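Data block below; observations after.
The figures that follow rest on heavy atoms only: side chains count, while hydrogens, waters and symmetry mates do not. None of the values given here were measured: they were computed from a predicted structure. Letters A, B, ... mirror the listed sequences (proteins, then strands); counts begin at 1.
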There are 2 protein chains.
Amino acid sequence: MAKTSERSQRGGHAGVSIEDVAAAAGVSTATVSRAVRGLPRVSAATREKILKIAGDLGYVASSSASGLATGRTRTVGVLAPYVDRWFFFKAIEGVDRELHANGYNLSLFNLGGQSGSRERLFSKTMVYKQIDALLVLCMSLTPEEVEDLQRIDIPLVVVGGPVEACPSIGINDFAASVEATEHLLKLGHRRIALLHGQDDSDLNFAVPRLRVDGFMKAMKDAGCTLPPEWDVFGNFTVSSGQAGFDELWSKPGPKPTALFCASDEMAIGAMLQARRRGVRVPEELSVIGIDNHEFSEAMGLTTIAQSPLEQGQLGTRMLLEELAGTSGSVRSVTAGHHLIVRETTAPPAADPPAA
Amino acid sequence: MAKTSERSQRGGHAGVSIEDVAAAAGVSTATVSRAVRGLPRVSAATREKILKIAGDLGYVASSSASGLATGRTRTVGVLAPYVDRWFFFKAIEGVDRELHANGYNLSLFNLGGQSGSRERLFSKTMVYKQIDALLVLCMSLTPEEVEDLQRIDIPLVVVGGPVEACPSIGINDFAASVEATEHLLKLGHRRIALLHGQDDSDLNFAVPRLRVDGFMKAMKDAGCTLPPEWDVFGNFTVSSGQAGFDELWSKPGPKPTALFCASDEMAIGAMLQARRRGVRVPEELSVIGIDNHEFSEAMGLTTIAQSPLEQGQLGTRMLLEELAGTSGSVRSVTAGHHLIVRETTAPPAADPPAA
DNA sequence: CTGAAAGCGCTAACAT
DNA sequence: ATGTTAGCGCTTTCAG
């Protein structure tokens, strides 16, 4: 008590504790605790008085103290391989929105595409005993990592693609690719090139593969084949899309009439480069992507839209429900996607040179 | 002790406390604490033994407990008005990198451009007693907010622009705009339009104004004037850049030969729309932006480059030094910027119609 | 409806 | 070099 008032005197209200409030209100700390947390068993009158005093004093409970007492930090971790890529920052926005709306904090762990940083997650201290739940953004987890996570035993969900043995939220990437490819096919294209997404980092993931599989499936069903020279690789970035286009056009032989890109960012890079090289889109080359990136509308890019923001929100909501006690809330769900036809796809030019 | 072993037995190693380690190693908790934190006054032998046992047991200190004991959370807050805009996610990446490299956590507070959310920051609980320092990303703070922050008395720095009474890091936006404008002027342009950045939200900030001021200054010094109809507004988004171009071109009267945009995102929108409307860039219209957004290189956009990532890193480093005890570490510093000439600026077409 | 008291797990003097 | 002993500020039975 002596100590308390001492501190109050010198420190201004920069450290008011529950005891200060209790003393000022002439009640016990237990009552203050109940009052400020809106728990029952406090008379309306006392609660009001306590709340007023707490407000005047600028009291805020110490998260460390209540965390220690309750065993919960009220923060959920978000593990992201990147933070500067569309899917990721959009998802983060969704997660943040849901979290803060519910009085939770968001602790961000960004791997920044660096292999080495990978260890950070499980380097004990980082994730363990610091968060109540973990949301993983579109990256693969090794079996050991999954096992570690399960041992830690906190709710976990991955957003953006499937991970073995983990509940996840994401679109059906295979179906999305099939639809995109079929759009091209229906337009009359037969000579379709593929700008393959492939992760350059160690954060490999199923999504790139699924997108390619869907493309292949649709092609096969339509009786089309993909010449090896029309199968180029990118790493989901704009510049890799540019490089992909150049690679395609620098090869001798006939050119495709359409290009399927495993992501909008690559599609944008490709069409920008096409434009620069004097290849007209869509007259000479139709281009389609997947994602509906922020810039896609402005670019007039035909694509398959998905909403990482909503996926992030949904994943967070499930985590929160689980934490609220509804076990079984976290489960895998398939998010929606839909084709948006814009200006970069059109029927192939009449009578293209034979393949 | 009875309790401890009970828990160890049933819970697996999902809750090993410092006592468990101490017991297993036959030392006191104080020694374990010193050992795991790498503090001196522990013999090499004991330290080694303790570390091994801690590792085997999967011990990780509870952040709440040590937070309570030390008064520090080892977490720094990042307040961002947006997370889905280039400057912001790049800066966040820089902050994250620096923070995690030093064993600190990053707590993200995103206002998501919503006015209402604004209250979140100072709604007590959120920021107070939860973080050791705060890094604000490019948004204004009201005098009351600044005052609140000072009362809380944690290191604070803003990245991305000046804020009254707060140390901040950012480029000299005025000078950057002058340089961009002078680039246009040197090319021979006299008829230059302005795509003004103006915040649509309540998160007003000095940056948009500084960029306009710089433009005006350079124009004035060159003896050029800006006809009111060539002064259009945008809100820093691509679509507002598109709208801005349309507004410019829909007005009767002569057209400008160049367009100064207060940000790359708007510049990109404008040039995309120009292309769509059949106005050739740079032949008929030179376009310049500011930022050097990720897409700018691919778009061939001439711009003034800056590095939010480095600014975020620097700001974080200062905060960390301050926390490490070097008071005075946090101070305002001007970050660098430089002109990058690409393909969207060229001399005006010969003999343009008189204004 | 309210209070007393026992921790939550760790750190930090202060001994030894 | 290591152990003892108080707390850090809050929550939570359990009494009253």
Discussion item. Taking 4.0 Å as the cut-off, does a side-chain nitrogen or oxygen of A/T29 come that near to OP1 or OP2 on D/dC10?
Written reply: no
Practice prompt. Kindly point out which of D/dA15, C/dC10, D/dT12 is positioned nearest to the side chain of A/A30?
Written response: D/dT12
Practice prompt. Can you see which heavy atom on B/T73 is nearest to which on A/S64, and at what distance?
Written response: CG2-OG, 4.0 Å
Worksheet item: Between the two end axes of the helix from C/dC1-D/dG16 to C/dT16-D/dA1, each built from 5 base pairs, what angle do you get to the nearest 10°?
Response: 30°
Discussion item. Cation-pi check for B/F88 against B/R85: NZ or CZ below 6.0 Å from the six-membered ring centre and within 45 degrees of the axis, yes or no?
Written reply: no
Practice prompt. Take the protein atom CZ of B/R74 and the nucleotide atom C1' of C/dC10, then report the distance between them rounded to whole Å.
Written response: 15 Å
Discussion item. Nearest to the A/S28 side chain among D/dT11, C/dA4, C/dC10, which nucleotide is it?
Written reply: C/dA4
Worksheet item: Of the nucleotides C/dC10, D/dT11, C/dC8, which has the atom closest to the A/S66 side chain?
Response: D/dT11
Worksheet item: To the nearest angstrom, how far is A/L39 atom CG from C/dC1 atom P?
Response: 12 Å
Worksheet entry | B/S107 (side chain) donor-acceptor with A/S107 (main chain) under 3.5 angstrom | no
Worksheet item: Taking atom CD of A/Q150 as the centre, does the number of heavy atoms from other residues, nucleotides or ligands within less than 6.0 Å exceed 12?
Response: yes
Discussion item. At 4.0 Å (heavy atoms only), tell me whether A/V27 reaches a base, stays on the sugar-phosphate, or touches nothing.
Written reply: sugar-phosphate
Discussion item. Regarding D/dG3, can its base be found pairing with the side chain of B/R34 as donor and acceptor, where the two atoms are less than 3.5 Å apart?
Written reply: yes
Discussion item. Taking the minimum atom-to-atom distance to the side chain of A/Y59, which one of D/dC10, C/dC10, D/dA15 wins?
Written reply: D/dC10
Discussion item. For B/T70 and B/G26, find the nucleotide of DNA chain D closest to each by heavy atoms; which residue's nucleotide sits nearer the 5' end?
Written reply: B/G26
Fill in: Interatomic distance, B/R41 CZ vs D/dG3 C1' [rounded to whole Å]
11 Å
Practice prompt. Please name the pair of heavy atoms, one in B/L51 and one in B/A35, separated by the smallest distance, quoted to 0.1 Å.
Written response: CD1-O, 4.0 Å
Item to complete: Salt-bridge test for B/R72 and B/D132: reply yes if a basic N is under 4.0 Å from a carboxylate O, no otherwise.
Response: no
Worksheet item: Rounding to a whole Å, what distance do you find between B/D20:CG and C/dC8:P?
Response: 11 Å
Worksheet item: Between C/dA12, D/dT12, D/dC10, which nucleotide has the shortest distance from any of its atoms to the side chain of B/R37?
Response: C/dA12
Item to complete: May I have the distance from A/L57 (atom CG) to D/dG9 (atom P), rounded to whole angstrom?
Response: 14 Å
Worksheet item: Between B/R72 (CZ) and D/dG9 (P), how many Å, whole number?
Response: 15 Å
Discussion item. Here's a test of your reading of the structure: between B/A65 and B/A44, which maps to the more 5' nucleotide of DNA chain D?
Written reply: B/A44
Practice prompt. Would you indicate, yes or no, if C/dT2 has its OP1 or OP2 atom less than 4.0 angstrom from a side-chain nitrogen or oxygen of A/S43?
Written response: yes
Practice prompt. Taking A/R331 for its side chain and A/S329 for its backbone only, find out whether a donor-acceptor pair lies under 3.5 Å.
Written response: yes
Worksheet item: Counting side-chain heavy atoms from C-beta on, which of C/dC10, D/dT2, C/dT11 comes nearest to B/S17?
Response: C/dC10
Item to complete: Calculate the interatomic distance between A/L68 atom CG and C/dG7 atom C1'; express it in whole Å.
Response: 9 Å
Worksheet item: Below 4.0 angstrom from OP1 or OP2 of D/dT2, is there any side-chain N or O of B/T46?
Response: yes
Discussion item. Is there a side-chain contact between A/S33 and the phosphate of D/dT11, meaning an N or O under 4.0 Å from OP1 or OP2?
Written reply: yes
Worksheet item: Would you call B/R317-B/E321 a salt bridge at under 4.0 Å N-O?
Response: no
